[in-house]
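Contents: one structure, followed by commentary.
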Protein chains: 2
Amino acid sequence: MGTVNGLGASMGRYIELESSERRLLEGLERHPYRAVRGERLWTSGDPVQDLFILQDGWACTFRDTRDGERQIIELLLPGDILGLREFTLPRHVSEARLITSGIVCGFPHHEIVDLVMASPPLAIALFAAISRQEALLTERMMVTLHRSARIQVCHFVLETFLRLRKVRGVAPESMPFPISQQLLGQILGQSSVHINRILMALERDGVMKKHRDYVAIPDTQRLYDEAEFEDGYLSDRMDGLLERLEALRGDSR
Amino acid sequence: MGTVNGLGASMGRYIELESSERRLLEGLERHPYRAVRGERLWTSGDPVQDLFILQDGWACTFRDTRDGERQIIELLLPGDILGLREFTLPRHVSEARLITSGIVCGFPHHEIVDLVMASPPLAIALFAAISRQEALLTERMMVTLHRSARIQVCHFVLETFLRLRKVRGVAPESMPFPISQQLLGQILGQSSVHINRILMALERDGVMKKHRDYVAIPDTQRLYDEAEFEDGYLSDRMDGLLERLEALRGDSR
DNA sequence: CGTACCTTTGACGGCTGTCAAAGGAAGTGG
DNA sequence: CCACTTCCTTTGACAGCCGTCAAAGGTACG
């Protein structure tokens, strides 16, 4: 609960961090800040200024269609970076909000430039982070376009469980899940009414039971099967590039 | 037709290239290679080894579902880089193929590391390139989840027209479009039968006429309206970071 | 204790997928 | 240059998943 997840942990998924790099990253987290549920970090049309490290809490980015529907683009969990997708754009094309109260650290987007200059390995780790966020998006697209709503719901819950487990201990019988049925609909591109019917059915069938702020998963394997889940896309490994990065470090000494 | 589009043009969209950077990029294009229609550049499960610069021709990346449906993830046009999405992964999770015959240059993925080390501005330009590819994906998701198939088709054709126009001259009355109805279905996540009905209707209504290898667009503005198109996401501008990049260049001298 | 948000349920309709089959157009080999 | 094969396009019938509209009951929070 109280665990705070910073950039060090996040980038450390991909490469071994040297102490100097750790210090660089900590420099970006100078200003932690309590954000309340629903708080807006940026909105569509804003000039891009800050990126945010989500140290605690859940957040999302989204866009609204011209007739008022909302599509969630990313779900951000503790340790994730908000704004990586857009920091090279002149203006934001999405909006970002906290789903729960949490702790965020903002830093100016141009500090990414400094980071890239100071440490090529960190630059590569940033590429890795972007790739992972994009992989989530791609998988979401595969599932929403080719699978029934029931499978979509199962898939999303399981994916979130696995992501969360990387960051902190999670028990399947009571996994934190502060996502309303409406929000779930906005994530999967479906109506909240239909989401409700599916959650009812999943509960009836003993696959999962969603409560207000958490989900109970009696049988994880069962959920894998229901979701037709293949978890390769969640891997943090970066095998092929590591030797080159090590060589690079050797050179710079 | 015969114009060849390399990395210089591609990265030059985002930053002003210095001559040393131009030379670095040309170094990646040592081995241009004629690839035939349908040729496979990599497939799912392959260890990640090379990225490819598409100098001429059209290509795509895609994934297949377990029951044999195919989803196109990206459509690549001349000047685009194939493999940016995945170069930090240990293995490919997608497959890549040429849609038409063309010219590609492969280079080992670890040369990206060298590039990032040699020129932080180029590293930032790579971030920009990834962001733009991701923006295409996001826009596709918005449209496929929230708009009718008719709008989806119009949107995709117009998007492709605008992308192509950045690279070479295109006349709306005969825009190259070597995309079969089946492929169009695989891009938008719909059945080719339904795509056909929509193309028939669009022709009847005078919005566009798709021929085997090209599309005729009698009235571009009409297509904008039909597509409910908002083109902000196609911008190459990178305003906010440029000063910092200039400062960086000043330092390194 | 009231208000706002979240969940639940029913009725109805339409967009889009599936199945099936036939007709064109382009490319290939003899 | 012709025959053949393969890919691409077109059309009809039918079904079902899921959206929309509407309304009521729960639950948390101030």
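Pro178(B) approaches Ile99(B) most closely through the heavy-atom pair O-CG2, 3.5 Å.
Among residues at least two apart or in separate chains, salt bridge (Lys or Arg N to Asp or Glu O under 4.0 Å) pairs with a member in residues 28-37 of chain A are Arg30(A)-Glu111(A). A ring pair (Phe, Tyr, Trp, His ring centres under 6.0 Å) check over residues 49-81 of chain B, counting only residues at least two apart or in different chains, returns nothing. The salt bridge (Lys or Arg N to Asp or Glu O under 4.0 Å) contacts involving residues 144-160 of chain A comprise Arg140(A)-Glu159(A), Arg147(A)-Glu228(A), Arg147(A)-Asp67(B), Arg150(A)-Asp205(A), Arg150(A)-Glu226(A), where partners must be two or more places apart or lie in separate chains.
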Checklist line | Nucleic acid footprint by protein, nucleotides 7-22 of chain D - heavy-atom cut-off 4.0 Å, B for base, S for sugar-phosphate alone | finding: -SSBBBB----BSBB-

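Glu39(B) is not listed as a side-chain neighbour of Arg97(B), based on a closest heavy-atom distance of 4.5 Å or more.
Rounded to 10 degrees, the angle separating the terminal helix axes of the helix from dC1(C)-dG30(D) to dG30(C)-dC1(D), each built from five base pairs, is 60°.
When the P atom of dC15(C) is taken as reference, atom CG of Leu188(B) falls 17 Å away, rounded to whole Å. Remark: C1' of dC15(C) and CG of Leu145(B) are 15 Å apart, rounded to the nearest angstrom.
By the side-chain hydrogen bond (donor to acceptor under 3.5 Å, both in side chains) test, Thr138(B) is found to be paired with Arg85(A), residues two or more places apart in sequence or in another chain being considered.
With Asp219(A) contributing its side chain and Arg222(A) its backbone, the two residues share a donor-acceptor pair below 3.5 Å.
Between Tyr214(B) and Phe177(B), the distance from one ring center to the other does not fall under 6.0 angstrom.
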